[in-house]
Amino acid sequence: MTGGDIAGLIAAGVFALLVLLLAVPILKLGRVFDEVRTSIRSISDGATPLMDEVTATVSTTNQQLKKVDGIASNVSDASANIAALSSLVAATLGSPLIKVAAFSYGVRSAFTARRKPSSGRRSR
């Protein structure tokens, strides 16, 4: 065996030792990746039913909002009808009531003025 062969054997041994030393962190890193994969799978399995429940809740909420929207539009229509009815009543009964009130006030004023004699007041 020559010196070159011995140097080659030493280099091969050092290289094998280096490979073994680097294999340990690589194996540990592989275990870490396996744990990460397991954690992600468990999170995914837990999140899927949660997303299904959220979807069902949003669907139910949308149905209720449609019902509330229908109720709100009916209330809006009813309030518009009530406003129109009140303006109609005011237009038909308001003017005659004002005239009747003015007439009755005039009649009352005339009767009270006729009962009481003028107490020394003179008009100019």
Side-chain angles (χ1 to χ4, degrees):
M1 240 195 205
T2 62
D5 290 339
I6 294 175
L9 282 175
I10 292 174
V14 169
F15 184 72
L17 183 65
L18 180 67
V19 167
L20 286 175
L21 288 175
L22 290 177
V24 172
I26 290 174
L27 289 175
K28 288 184 179 181
L29 185 63
R31 288 187 199 125
V32 168
F33 284 146
D34 289 339
E35 288 296 322
V36 168
R37 184 180 322 120
T38 305
S39 298
I40 290 174
R41 184 173 295 129
S42 67
I43 289 171
S44 174
D45 291 343
T48 302
L50 182 64
M51 285 189 281
D52 291 339
E53 288 180 21
V54 167
T55 303
T57 302
V58 168
S59 174
T60 304
T61 303
N62 284 339
Q63 291 172 356
Q64 295 300 324
L65 285 175
K66 286 178 186 177
K67 290 179 183 178
V68 169
D69 188 37
I71 291 169
S73 66
N74 289 339
V75 167
S76 174
D77 291 343
S79 65
N81 289 340
I82 289 171
L85 182 64
S86 67
S87 65
L88 177 67
V89 167
T92 33
L93 297 179
S95 178
L97 283 176
I98 291 172
K99 290 178 182 177
V100 167
F103 177 74
S104 65
Y105 177 74
V107 169
R108 269 187 299 153
S109 297
F111 280 128
T112 56
R114 192 168 186 211
R115 286 185 192 170
K116 294 180 183 178
S118 59
S119 59
R121 286 186 156 185
R122 295 185 187 171
S123 62
R124 294 185 197 191

Pairwise salt bridge (Lys or Arg N to Asp or Glu O under 4.0 Å) hits with a residue in residues 60-81, at least two apart:
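Residue pairs passing salt bridge (Lys or Arg N to Asp or Glu O under 4.0 Å), neighbours aside: none found.
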How long is the gap from [atom1] on [X] to [atom2] on [Y], to the nearest 0.5 Å?
X     : Y     : atom1 : atom2 : answer
Phe15 : Leu20 : CZ    : CG    : 10.5 Å
Asp34 : Ser39 : CG    : OG    : 10.5 Å
Ile98 : Leu93 : CD1   : CG    : 11.0 Å

Contact summary for Ser73 and Gly70, nearest pair of heavy atoms:
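Nearest heavy atoms, Ser73 then Gly70: OG-O, 2.8 Å.
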Are Leu29 and Leu21 connected, step by step, through hydrophobic side chains (Ile, Leu, Val, Met, Phe, Trp, Tyr) whose heavy atoms are closer than 4.5 Å?
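No, because Leu29 and Leu21 fall into different hydrophobic clusters, even though each may have its own neighbours under 4.5 Å.
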Look at the side-chain heavy atoms of Ile, Leu, Val, Met, Phe, Trp and Tyr, link any pair under 4.5 Å apart, and say whether Val14 and Leu9 land in one connected group.
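Yes, because Val14 and Leu9 connect within a single hydrophobic cluster, where side-chain heavy atoms sit under 4.5 Å apart.
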Are [X] and [Y] close enough that some pair of their side-chain heavy atoms sits under 4.5 Å apart?
X     : Y     : value
Thr57 : Thr61 : yes
Asp5  : Thr2  : yes
Val54 : Met51 : no

Please check this pair: side chain of Ser44 against backbone of Ile40, looking for a donor-acceptor N/O pair closer than 3.5 Å.
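Judged by distance alone, no pair lies under 3.5 Å.
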Checking Ser76 side chain against Ala72 main chain: does a donor-acceptor pair fall under 3.5 Å?
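Not a single qualifying donor-acceptor pair exists.
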